[in-house]
Amino acid sequence: MYKAPRGTSDILPAEQAYWKYVEEKAISLCQLYGYQPLSTPLLEDSQLFTRTSASGTDIVDKEMYIFKDRGGHELALRPEGTAPVCRAYLQHGLFSLPQPVRLYYIGATFRYERPQAGRYRQHQQFGFEAIGDADSALDAEVIVMARNFLLSLGLIQFTIQLNSIGCKLCQPRYREILKKHYTALNSIQGHLCSDCQTRLERNPLRLLDCKNASCQEMADTAPKTVDFLCPECRAHFQSLQEYLSILGISFQFNHRLVRGLDYYTRTVFEIQPGKGTTQQGALGGGGRYDNLIEELGGEFTPAVGFAAGMERLILKLKEEKISIPPLPEPVVFIAYLGSEAKNEAIKLAFQLRQVGIATIVAVGDKSLKAQLKQADARGTSYAIIIGKEEIESQSAILRDMKSGEQKIIPLAKVAETLISR
RNA sequence: GUGAGUGUAGCCCAGUGGUUAAGGCGCCAGGUUGUGGCCCUGGUGAGCGUGGGUUCAAAUCCCACCACUCACCCCA
């Protein structure tokens, strides 16, 4: 028996209402803020990610789905959405549009890791990116969108964690200071975990988010990124906070927040869920990536964005028992008895659909009881019953499934009767 | 990659060495010779994740493997 590959899953009809709900909220949010949809392939040249995200990040080091196609090209199932959007921005010359260009996407993302609650090898991400302006008002816009998105879903138990990690100018300086701090402490205490030993060399910023107890002690006393920002980055971060405060958006500083991808500059933020039954991690995260497009071969183009995990959001919706509008069910179920009636039933179903009435017609020549049971199971509002008697009088029984009331109407008037209801 | 737990019909699950593996949901049929949702009756459907071992005898004990779940790392 075949099963869906590990970490992937089928989304059955019973689940689809959640997906539609979240997608519709996402789309209407983006419309409200003037973001336009963009779809990119699931596959990309693997270097798009290895170059931009760089090594030393988990996504590149251990979570990428990489393979060679028949032509020998190394491709990757996209592990994140931002780099493909930037690639498309450059490839199609979107830089010639008025800037910033505001884009959003909803699509599958892949990471090879051990699945658990809210963590899958294939998951759906909703993200939006504003490309082409460094104005911190844009950072604020993105953060507010992220917040309002969750609120529109009915989720209220979350916090926005915020930090600034500087730019090309000030971040290298900070890195050196951080390295000195760790090297000094480590030579005295010598408690740095093996992961952090490598981080110290390859990706010192990520020393800060190590969860290892002894490393945490060192992180607690470590110098903070915000204290070493250059004047421009400091002003940028300052004004971002002002915008947020004007809008009454509350957030928490998190000096240890550095994010898992290398391309981030200045603003980084994450949406952390309140305490729940699972440890699913961030509901979403994002930040500014001013150098990414330049690294991909374009002009210097500052940008900022956000992405959320749909599965995690749905998990939360269920955890908090937020009710979701059901998917629409067909209005009418047509039951028949006998082969003449069957012909009439099929014809009637065809006609009803022509005028836009969602209809299921019975098949398989089952008992009327079984047919009505199906109508009930599908939750149709009406059942139409056609038997021998009805054929003779060219009529049909229209049964209201909720009240159980039924009346006989001319076959020719079924559509019109249903429309008038 | 590491750790823990679980693995019996489509789903939820009882059963801890010994008759044809129990129940609920679902599904099918009947009670109502043309009528759903409640009720009643009957039926359908598993040989107990896979392989090996212990034993007169194993779903029940042992070993290995696989899968699932959760957690760690890290992130959506």
Side-chain angles (χ1 to χ4, degrees), chain A residues 1-7 9 12 14 22 53 56-63 78-82 105-127 146 150 193-196 199 203 206 209-213 215 257-261 268 270-273 277-286 305-316 333 335-338 341 362 364 366-391 396-406:
Chain A
M1 180 82 101
Y2 288 108
K3 286 190 294 186
R6 165 172 266 195
S9 54
L12 298 176
V22 177
S53 304
T57 64
D58 284 353
I59 286 178
V60 168
D61 285 356
K62 50 182 198 186
E63 295 177 1
R78 65 174 176 219
E80 58 108 12
T82 301
Y105 59 88
I106 299 173
T109 307
F110 301 83
R111 296 196 192 159
Y112 190 88
E113 58 189 337
R114 290 278 277 266
Q116 60 185 279
R119 175 173 302 186
Y120 310 101
R121 290 188 173 183
Q122 177 179 343
H123 69 277
Q124 199 75 355
Q125 275 192 16
F126 159 51
L150 296 213
C193 73
S194 60
D195 277 348
C196 283
R199 281 177 184 143
N203 201 339
R206 298 203 49 237
D209 65 5
C210 184
K211 303 296 193 302
N212 191 298
C215 299
L257 181 63
V258 295
R259 308 278 300 148
L261 296 163
V268 290
E270 269 180 14
I271 310 278
Q272 288 293 339
T277 51
T278 56
Q279 299 299 316
Q280 50 164 252
L283 293 172
F306 169 81
M310 308 268 279
E311 287 82 356
R312 292 184 176 183
L313 294 170
I314 289 171
L315 210 57
K316 277 292 160 201
F333 185 96
Y336 65 86
L337 288 156
K366 292 177 181 156
S367 71
L368 183 58
K369 177 175 179 162
Q371 295 182 61
L372 287 174
K373 200 168 178 177
Q374 270 190 34
D376 186 55
R378 286 302 301 266
T380 61
S381 307
Y382 300 99
I384 286 165
I385 302 161
I386 304 172
K388 204 165 187 178
E389 293 169 26
E390 288 71 32
I391 294 295
I397 296 170
L398 176 64
R399 179 179 178 85
D400 184 319
M401 292 299 285
K402 206 157 222 158
S403 65
E405 286 167 23
Q406 53 185 48

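Naming convention: chains lettered A, B, ... in sequence-line order (proteins, then strands); numbering from 1 in each chain.
Nucleotides C48(B) and A4(B) place their P atoms 27 Å apart, quoted to the nearest Å. A gap of 26 Å separates the C1' atoms of C74(B) and C66(B), to the nearest Å. To the nearest whole angstrom, the two P atoms, one in C40(B) and one in C25(B), are 9 Å apart. Nucleotides G49(B) and A67(B) have their C1' atoms positioned 7 Å apart, rounded to a whole Å. Atom name C1', nucleotides C75(B) and C63(B): the rounded distance is 37 Å, in whole Å. For the C1' atoms, the distance linking C11(B) with U50(B) amounts to 23 Å, nearest Å.
Residue contacts for Arg111(A): at a heavy-atom cut-off of 4.0 Å it reaches a base atom on one of the strands shown. Residue contacts shown for Thr278(A) are limited to sugar-phosphate atoms, with no base heavy atom under 4.0 Å away. Within 4.0 Å (heavy atoms only), Glu113(A) reaches at least one base atom of the nucleic acid. Among the heavy atoms of the strands, none lies under 4.0 Å from Phe126(A). Residue Gly127(A) is out of contact with every strand shown, counting any heavy-atom pair closer than 4.0 Å. Ala375(A) comes within 4.0 angstrom of nothing in the nucleic acid, heavy atoms only. Within the nucleic acid shown, Gly284(A) comes within 4.0 Å of sugar-phosphate atoms alone, with no base atom in reach, counting heavy atoms only.
Base orientation for G36(B): anti, the chi torsion being more than 90° from 0.
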Indicate for each nucleotide in nucleotides 7-12 of chain B, in 5' to 3' sequence, whether protein heavy atoms under 4.0 Å reach the base (B), only the sugar-phosphate (S), or nothing (-).
------
With B for base contact, S for sugar-phosphate-only contact and - for none (protein heavy atoms under 4.0 Å), nucleotides 33-47 of chain B reads -BBBB----------
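Atom pair Leu257(A):CG and C75(B):P shows a separation of 9 Å (rounding to whole Å applied). If you take CD of Gln125(A) and P of C75(B), they are 13 Å apart, rounded to a whole angstrom. Whole-Å rounding puts the Gln279(A) CD to C70(B) P distance at 12 Å. Atom CD of Glu63(A) and atom P of C75(B) are 9 Å apart (whole Å). One atom, NZ of Lys3(A), and another, C1' of U50(B), lie 11 Å apart when rounded to the nearest Å.
Every residue two or more places apart in sequence or in another chain that forms a side chain to side chain donor-acceptor pair (under 3.5 Å) with Arg399(A) is listed here: Gln406(A). Considering only residues two or more places apart in sequence or on other chains, Gln272(A) meets the side chain to side chain donor-acceptor pair (under 3.5 Å) condition with Glu270(A). For the salt bridge (Lys or Arg N to Asp or Glu O under 4.0 Å) test, no residue two or more places apart in sequence or in another chain qualifies with Glu390(A). The side chain to side chain donor-acceptor pair (under 3.5 Å) test applied to Ser367(A) returns no partner, not counting sequence neighbours. Residues passing the side chain to side chain contact (heavy atoms under 4.5 Å, CB included) test with Ala14(A): none are found, sequence neighbours excluded. Taking Glu311(A) as the reference, nothing meets the side chain to side chain donor-acceptor pair (under 3.5 Å) condition, with sequence neighbours excluded.
Atom OG1 of Thr109(A) and atom NE2 of His123(A) lie 4.5 Å apart (nearest 0.5 Å). The distance from the CG atom of Leu398(A) to the CG atom of Asp400(A) is 7.5 Å, given to the nearest 0.5 Å. The line from CZ of Arg259(A) to CG of Leu257(A) is 6.5 Å long, rounded to the nearest 0.5 Å. For the atom pair Glu405(A) CD and Lys402(A) NZ, the distance stands at 13.0 Å (nearest 0.5 Å). Rounding to the nearest 0.5 Å gives a distance of 11.5 Å between CG of Leu313(A) and CD of Gln124(A). Here the CZ atom belonging to Arg78(A) is positioned 8.0 Å from the OH atom belonging to Tyr105(A), to the nearest 0.5 angstrom.
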Might you list the N or O atoms of the protein lying below 3.5 Å from N or O atoms in nucleotides 3-6 of chain B, with each pair's distance?
unit_1: G3(B); atom_1: O6; unit_2: Arg114(A); atom_2: NH2; d: 3.4

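Phosphate proximity of U69(B) to Gln116(A): absent, as no side-chain N or O sits under 4.0 Å from OP1 or OP2. An OP1 or OP2 oxygen of A76(B) is reached within less than 4.0 angstrom by no side-chain nitrogen or oxygen of Arg78(A). Listed pair Arg121(A) / A76(B) fails the phosphate criterion, with no side-chain N or O lying under 4.0 Å from OP1 or OP2.
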If a pair means Watson-Crick or G-U wobble with both distances below 3.5 Å, what does RNA chain B look like in dot-bracket form, with | marking bases paired to a different strand?
((((((((.[[[..)..(....]]]((((((.......))))))....[[[[[..)....]]]]])))))))....
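A donor N or O paired with an acceptor N or O is not found under 3.5 Å between the base of A71(B) and the side-chain atoms of Gln280(A).
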Report, one line per pair, each donor and acceptor closer than 3.5 Å where one atom sits in a side chain of residues 370-387 of chain A; sequence neighbours left out.
unit_1: Gln371(A); atom_1: OE1; unit_2: Tyr336(A); atom_2: N; d: 2.9
unit_1: Gln371(A); atom_1: NE2; unit_2: Tyr336(A); atom_2: O; d: 2.8
unit_1: Gln371(A); atom_1: NE2; unit_2: Lys366(A); atom_2: O; d: 2.9
unit_1: Arg378(A); atom_1: NE; unit_2: Glu329(A); atom_2: OE1; d: 3.2
unit_1: Arg378(A); atom_1: NH2; unit_2: Glu329(A); atom_2: OE1; d: 2.9
unit_1: Thr380(A); atom_1: OG1; unit_2: Tyr382(A); atom_2: O; d: 3.3

Would you mind writing out the side-chain donor-acceptor pairs for residues 110-118 of chain A within the sub-3.5 Å range, not counting sequence neighbours?
unit_1: Arg111(A); atom_1: NE; unit_2: Pro79(A); atom_2: O; d: 2.8
unit_1: Arg111(A); atom_1: NH2; unit_2: Pro79(A); atom_2: O; d: 2.9

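Toward the 5′ end of RNA chain B lies the nearest nucleotide of Ser367(A), the other residue of the pair Ser367(A) and Gly285(A) mapping further downstream.
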